[in-house]
*Asks:* 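If you scroll down you'll find the structure; I have some questions about it.
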Amino acid sequence: MDTVTQLSAMPTPPPRVRFAPSPTGYLHVGGARTALFNWLYARKNGGTFVLRIEDTDAARNTPQALAAIFDGLRWLGLDWDEGPEAGGDCGPYFQSQRQAIYDEYLKRLTEGGHTYTEENGAVRFRSPKEVIMLQDEIGGEIKIDRTNEPDMTIRRPDGGYIFHFVNVVDDIEMKISHVIRGEDHIFNTGKHIELFQAFGVTPPVYGHIPLILNQEDGSKMSKRSAGASVGYYIANGYLPEAVRNYLCLLGWSPKDDREVIPIDEVQRLFDRDHLNHHNARFDLEKCRWMNGEYLKLQSDADFAASAKAWLHGPQASELDPRATPEFAALKPLLSAAPLDVLLPLIKPKIKVMPEILEHLTMGLNGTVPIADDVRAKISAQPDAAAKLTSLTGHFDALVHWNREHIQDGVNLAAAELKVKPGALMFPLRVAITGQGHGVDLLPLLEILGKAETIARIRARTPLLTA
RNA sequence: GACCCUUUCGUCUAGCGGUUAGGACAUCGCCCUUUCACGGCGAGAGCACGGGUUCGAUUCCCGUAGGGGUCGCCA
């Protein structure tokens, strides 16, 4: 084996990437997508995904925000190989616990003549003030002109270190090889490269991914917009695989027109060549569609399980559909409800979990008022009451109550009235649920039982003509 | 304002010199059907503009305009 062969055959070490959020709010979908791309890169290349908590600003950190990071990442299935609650050789993974390391690195910087101290005690980094040509893995060659930039502060008068400094120190200490982060960090990267050079360390490979924009006004996605936080999707009972799949498609594409793609397939295909260079708007409607696609892939039993978990799960915030009066009214009916047979009927009718509320209400509450638009349609059928009376009679005569026999009852009533069986279905649906739409009717009647079915028809028939 | 990134249907995207510019969400129509939905079929809808380069530009280059981002002792 000659030398050239040996060199080219030398394996590149597996990449080490990180997601480094600060626990000051909630887990933003943009942040989640950054974490996702880092995770995909690590998984694709047999690398290591590190989670590091950048909690240097004590005044802004909250335990809730920290929990939201852990919960959100776990919910999305983005498991970290090193970090809080996972361990690793480069810990601690909270910056608030790494003061001694930063002190040591600051000493090195100061001994190298790279710092100076302000009168108030703040420490600044003496910038070389040069033009940096960043070789960005995603954006290509990007010029960052540092010649007229002021020296950055790296330590506050109170001794607390600033983001730029700790970010670089930790990337060195944690042997991060690739930094995949939002495009909003491009100019920070210029500062960070200066620090790497001052430490005499080769900077990592950078890849700046475009941002996710608000669906409404196209600005950087903010707290205001619905669906900006991962917590929204958890609270609304989305399937994590669906949200993750949708996030994959924001800036990445398999380039073969597929959209519903298993995550292991994404891992296999993920590549910077497939990443876009421009921002993408977040389309909640399409995300809902994606959720519906994943719902269809679920078995009835799995769906019933996740629906029940959601119905009985903790309420997350005031945006939670389970915090509404409608849900409060429904809740007492749930305990005795035949959910295992009802939910599979609902499954094909919905895209997202909160939609089951309306269907459950229709099924469980026989006294829901008749909807206005439905009332208009039903009053156009003067024989609706006669149809229902006939149906009631034939239902009452049934010995066995299942959908086949119920269909027989419908057919008999239709024959008696000399109409098509289909003509009876709309009045029947309205009498049973008060609504013009909903789950398959005959299976619903079977679940409700003969007595409840007849009782509802008798109770609502006078209301139809009122 | 300066600097950086970016520009294909309303939105997410495929396209990497020659295509009837493809797919998806959304919208609309038809079919199926017991309403709604699902499903099937179909329609409308796009290369920001102006210069080049080229036999030929959606594709390459340069401008202009639009969009986004960044200009902290926040991260």
Side-chain angles (χ1 to χ4, degrees), chain A residues 20-25 31 53-57 59-61 95 118 120-124 134 136 138-140 142-146 148-150 152-164 166-167 181-190 208-215 217-221 246 249-260 273-274 276-290 292-293 296 346-351 355 359 374 377-378 407 410 414 420-430 433 435-442:
Chain A
S22 69
T24 58
I53 304 299
E54 306 221 325
D55 55 350
T56 52
D57 190 351
R60 296 174 62 214
N61 300 148
Q95 290 187 328
E118 300 275 13
N120 66 6
V123 178
R124 283 182 183 262
L134 168 65
D136 193 89
I138 296 164
I142 298 172
K143 191 181 86 176
I144 301 174
D145 186 350
R146 300 272 308 145
N148 287 311
E149 297 300 319
M152 69 181 123
T153 304
I154 57 176
R155 199 183 70 172
R156 302 185 187 92
D158 68 4
Y161 289 97
I162 298 294
F163 161 69
H164 305 295
V166 294
N167 190 267
R181 56 174 28 162
E183 207 177 62
D184 50 342
H185 278 289
I186 280 186
F187 292 104
N188 290 333
T189 296
H208 291 88
I209 56 180
L211 271 20
I212 297 179
L213 270 29
N214 263 325
Q215 139 173 63
D217 61 6
S219 64
K220 191 175 168 183
M221 203 157 182
Y246 178 73
L249 261 26
L250 246 31
W252 177 87
S253 154
K255 300 194 184 295
D256 62 3
D257 288 345
R258 283 183 302 163
E259 300 205 293
V260 180
D273 294 338
H274 292 242
N276 280 133
H277 302 177
H278 59 266
N279 300 337
R281 287 201 190 198
F282 192 94
D283 187 348
L284 191 55
E285 201 54 50
K286 187 153 186 178
C287 187
R288 294 175 86 250
W289 167 80
M290 182 68 79
E293 293 300 298
K296 284 178 203 157
I346 297 174
K347 177 169 166 269
K349 299 289 176 183
I350 65 166
K351 286 201 183 92
E355 292 178 58
H359 287 103
V374 172
K377 268 206 257 181
I378 202 79
Q407 182 68 60
V410 172
K420 285 197 273 189
L424 301 179
M425 299 306 281
F426 183 68
L428 180 57
R429 174 180 293 285
V430 176
T433 68
Q435 304 292 312
H437 66 279
V439 301
D440 283 349
L441 195 48
L442 268 29

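As a basis for the values below, the full set of heavy atoms in this structure was taken, side chains included, without hydrogen atoms, waters or symmetry mates. Chain A is the first sequence line, chain B the second, and so forth, proteins listed ahead of strands; every chain is numbered from 1. Keep in mind it's a predicted model, so treat the numbers as computed, not measured.
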*Asks:* Whole angstroms only, please: what is the CG-C1' distance between A:Asn276 and B:A14?
*Replies:*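 Distance, rounded to whole Å: 10 Å.
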
*Asks:* Look at A:His277 and B:C5 and indicate whether a side-chain polar atom (N or O) is within less than 4.0 Å of OP1 or OP2.
*Replies:* no

*Asks:* Reckon A:Lys296 has a side-chain N or O less than 4.0 Å from the OP1 or OP2 of B:G39?
*Replies:* yes

*Asks:* I'd like the C1' distance from B:C60 over to B:U53, given in whole Å.
*Replies:* 8 Å

*Asks:* Which comes earlier along RNA chain B counting from the 5' end, the contact point of A:Glu54 or that of A:Glu293, where each point is its nearest nucleotide?
*Replies:* A:Glu293

*Asks:* Is the phosphate of B:U13 approached by A:His278 (side-chain N or O, under 4.0 Å from OP1 or OP2)?
*Replies:*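 Checking B:U13 against A:His278, a side-chain N or O does come within under 4.0 Å of OP1 or OP2.
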
*Asks:* Between A:Asn167 and A:Arg181, does the side-chain hydrogen bond (donor to acceptor under 3.5 Å, both in side chains) criterion hold? Intermediate values first, please.
*Replies:* CA-CA 12 Å; A:Asn167 190 267; A:Arg181 56 174 28 162; 3.2 Å; yes

*Asks:* Please tell me if A:Lys351 has a side-chain N or O lying less than 4.0 Å from either OP1 or OP2 of B:A26.
*Replies:*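 The answer is yes; a side-chain N or O of A:Lys351 sits under 4.0 Å from OP1 or OP2.
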
*Asks:* For A:Gly251, report the nucleic acid contact type (base, sugar-phosphate, nothing); a contact means any heavy atom under 4.0 Å.
*Replies:* sugar-phosphate

*Asks:* Roughly how far apart, to the nearest Å, are B:G10 and B:G46 at atom P?
*Replies:*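 After rounding to an integer number of Å, I get 7 Å for this pair.
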
*Asks:* Would you compute the distance between atom CE of A:Met221 and atom CG of A:Asn279 and round it to the nearest 0.5 angstrom?
*Replies:* 13.0 Å

*Asks:* Output the distance between atom CD1 (A:Ile212) and atom CD (A:Glu183), rounded to the nearest 0.5 Å.
*Replies:* 12.0 Å

*Asks:* Between B:A45 and B:C5, how far apart are the two P atoms, rounded to whole Å?
*Replies:* 35 Å

*Asks:* In whole angstrom, give the distance that lies between atom NE2 of A:His437 and atom P of B:C38.
*Replies:* 12 Å

*Asks:* Please give, in whole Å, the distance from B:A75 C1' to A:Ile53 CD1?
*Replies:*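 In whole Å, B:A75 C1' and A:Ile53 CD1 are 12 Å from each other.
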
*Asks:* Return the nearest nucleotide to the side chain of A:Glu259; candidates are B:U35, B:G23, B:C74.
*Replies:* B:G23

*Asks:* Taking the C1' atom of each, how far is B:A57 from B:A21, in whole Å?
*Replies:*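 About 13 Å, rounded to a whole number of Å.
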
*Asks:* Is there a donor and acceptor pair, one atom on the side chain of A:Lys286 and one on the base of B:A26, closer than 3.5 Å?
*Replies:* no

*Asks:* Identify whether any heavy atom of A:Arg258 sits under 4.0 Å from a base atom; if not, whether one sits that close to sugar-phosphate; answer base, sugar-phosphate or nothing.
*Replies:*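 Touches nothing.
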
*Asks:* Given that both distances must come in under 3.5 Å, which nucleotide forms a Watson-Crick or G-U wobble pair with B:G1?
*Replies:* B:C71

*Asks:* Is it true that atom NZ of A:Lys255 has more than 12 heavy atoms of other residues, nucleotides or ligands lying nearer than 6.0 Å?
*Replies:* yes

*Asks:* Once you round it to whole Å, what is the distance between C1' of B:C25 and CZ of A:Phe282?
*Replies:*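 Computing the A:Phe282:CZ to B:C25:C1' distance gives 13 Å.
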
*Asks:* Measuring only the C1' atom in each nucleotide, how far is B:C25 from B:G17? A whole number of Å is fine.
*Replies:* 31 Å

*Asks:* Provide the distance between the two P atoms, one in B:C30 and one in B:C36, to the nearest whole Å.
*Replies:*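 The same atom, P, in both gives a distance of 12 Å.
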
*Asks:* Is any side-chain nitrogen or oxygen of A:Lys143 closer than 4.0 Å to OP1 or OP2 of B:C3?
*Replies:*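 No, no such contact exists.
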
*Asks:* For the pair made of CZ in A:Arg181 and P in B:C5, what is the distance, rounded to whole Å?
*Replies:* 17 Å

*Asks:* In Watson-Crick or G-U wobble terms, both distances under 3.5 Å, what is the partner of B:A57?
*Replies:*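 Pair assignment: B:A57 / none.
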
*Asks:* Going through the checks in order, is the side-chain contact (heavy atoms from CB on, under 4.5 Å) test met by A:Trp289 and A:Glu259?
*Replies:* CA-CA 11 Å; A:Trp289 167 80; A:Glu259 300 205 293; 4.0 Å; yes

*Asks:* Check whether any side-chain N or O of A:Asn276 sits under 3.5 Å from a backbone N or O of A:Trp252 as a donor-acceptor pair, and report yes or no.
*Replies:*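 Not a single qualifying donor-acceptor pair exists.
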
*Asks:* Go ahead and name the base partner of B:G42; Watson-Crick or wobble counts if both distances stay under 3.5 Å, otherwise write none.
*Replies:* B:C28

*Asks:* If we take the P atom in both B:C32 and B:C16, what is their distance in whole Å?
*Replies:* 41 Å

*Asks:* Roughly how many Å is it from NE2 in A:His208 to P in B:U6, rounded to a whole number?
*Replies:*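 That distance rounds to 13 Å.
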
*Asks:* If you go through the side-chain atoms of A:Lys349, does one of them form a donor-acceptor pair with the base of B:C36 closer than 3.5 Å?
*Replies:* yes

*Asks:* Applying the Watson-Crick and G-U wobble criteria at under 3.5 Å, what pairs with B:A14? Answer none if nothing qualifies.
*Replies:*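 Its partner is none (no Watson-Crick or G-U wobble pair with both distances under 3.5 Å).
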
*Asks:* Would you mind reading off the distance between A:Glu355 atom CD and B:C36 atom P, rounded to a whole angstrom?
*Replies:* 17 Å

*Asks:* Please round to the nearest 0.5 Å and tell me the distance separating atom OG1 of A:Thr56 and atom CZ of A:Arg155.
*Replies:*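 So the OG1 of A:Thr56 and the CZ of A:Arg155 are separated by 14.0 Å.
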
*Asks:* According to a strict under-4.0 Å criterion, is A:Thr56 in side-chain N/O contact with OP1 or OP2 of B:A75?
*Replies:*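 Indeed, a polar side-chain atom of A:Thr56 lies that close.
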
*Asks:* Would you give a per-nucleotide map of nucleotides 59-73 of chain B, 5' to 3', where B means the base has a protein non-hydrogen atom under 4.0 Å away, S means only the sugar-phosphate does, and - means neither?
*Replies:* ---------SBS--B

*Asks:* Can you tell me the distance, in whole Å, between the CG atom of A:Leu442 and the P atom of B:U34?
*Replies:* 11 Å

*Asks:* Take A:Leu211 and A:Leu213 through the test side-chain contact (heavy atoms from CB on, under 4.5 Å) and record every step on the way to the result.
*Replies:* CA-CA 6 Å; A:Leu211 271 20; A:Leu213 270 29; 4.2 Å; yes

*Asks:* For the pair A:Thr153 and A:His164, evaluate side-chain contact (heavy atoms from CB on, under 4.5 Å) and give the outcome as yes or no after the intermediate values.
*Replies:* CA-CA 9 Å; A:Thr153 304; A:His164 305 295; over 6 Å; no

*Asks:* Is the number of heavy atoms from other residues, nucleotides or ligands within 6.0 Å of CG (A:Asp273) greater than 12?
*Replies:*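 Enclosed: over 12 neighbouring heavy atoms sit under 6.0 Å from CG of A:Asp273.
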
*Asks:* Given the C1' atoms of B:C28 and B:U64, what is the spacing between them in whole Å?
*Replies:* 37 Å

*Asks:* When both hydrogen-bonding distances must be under 3.5 Å and the geometry is Watson-Crick or G-U wobble, what is B:A65 paired with, if anything?
*Replies:* B:U7

*Asks:* Look at the side chain of A:Asp283 and decide which nucleotide, out of B:G10, B:A75, B:U13, has an atom nearest to it.
*Replies:*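 Nearest listed nucleotide: B:G10.
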
